[in-house]
Amino acid sequence: MSRRPLVNALLVVAVVALFAVPLLLDGGTSEYGGTDAAVTADLEADGHTPWFESVFSPAGEVESGLFALQAAIGGGVLGYVLGRLRGRRLAQEKPGPGSPAP
């Protein structure tokens, strides 16, 4: 048996555990919020005011969608670059049909 399926299965289990264990330990009692909102609330509580207003202030769902879109684009670019680097390395390792024999 190859090690690759076993490693893939263990990686999937590890990712699921990364999400499940904190939820199980917490018991669902905590509220999840972003760091930006927490810092903004602390600064406003201290009396600080923002220097400028945002040009575009999307609603909550649109903001979440834009964040997910940004993550998807970043993941796509990262996957493309990693695939391109792997393909380049494989092309350098395998001689082509017209290349001279070593």
Side-chain angles (χ1 to χ4, degrees):
M1 180 177 162
S2 175
R3 288 182 46 194
R4 182 170 283 198
L6 178 64
V7 170
N8 288 340
L10 289 175
L11 287 173
V12 169
V13 169
V15 168
V16 170
L18 281 173
F19 288 101
V21 169
L23 292 175
L24 293 174
L25 292 177
D26 183 32
T29 57
S30 293
E31 292 184 20
Y32 294 97
T35 306
D36 294 343
V39 170
T40 301
D42 286 345
L43 289 176
E44 288 176 354
D46 290 342
H48 296 279
T49 56
W51 295 351
F52 59 93
E53 293 295 325
S54 299
V55 176
F56 176 63
S57 297
E61 294 295 325
V62 175
E63 185 177 356
S64 297
L66 290 174
F67 184 75
L69 179 65
Q70 176 188 0
I73 290 172
V77 169
L78 180 64
Y80 175 77
V81 169
L82 290 176
R84 185 88 175 158
L85 291 174
R86 178 176 162 80
R88 184 184 302 171
R89 187 181 62 182
L90 289 176
Q92 288 176 350
E93 290 176 356
K94 291 182 182 178
S99 63

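All residue numbers in this chain count up from 1 along the given sequence.
- The side chain to side chain contact (heavy atoms under 4.5 Å, CB included) search around Arg84 returns Tyr80, not counting sequence neighbours.
- Its side chain outside the 4.5 Å cluster rule for every partner, Val55 clusters with none of the Ile, Leu, Val, Met, Phe, Trp and Tyr residues.
- Heavy-atom neighbours of Glu61 CD from other residues, nucleotides or ligands within 6.0 Å: at or below the threshold of 12.
- Grouping Ile, Leu, Val, Met, Phe, Trp and Tyr residues whose side-chain heavy atoms lie under 4.5 Å apart, directly or via other members, places Leu82 in a hydrophobic cluster with Leu78.
- Other residues sharing the hydrophobic cluster of Phe56, ordered by chain and number and joined by side-chain separations under 4.5 Å: Val62, Leu66.
- Leu10 meets the side chain to side chain contact (heavy atoms under 4.5 Å, CB included) test with Leu6; sequence neighbours excluded.
- Under the 4.5 angstrom side-chain criterion for Ile, Leu, Val, Met, Phe, Trp and Tyr, the cluster partners of Val7 are Leu11.
- Legend: residues meeting side chain to side chain contact (heavy atoms under 4.5 Å, CB included) with Leu69, ordered by chain and number and at least two apart, are Ile73.
- Nearest heavy-atom pair across Ala17 and Pro22 is O-CD, 3.9 Å.
- Remark: Val15 pairs with Phe19 by the side chain to side chain contact (heavy atoms under 4.5 Å, CB included) rule, at least two apart or across chains.
- Atoms OG1 and CG, from Thr35 and Asp42 in turn, are 11.0 Å apart once rounded to the nearest 0.5 Å.
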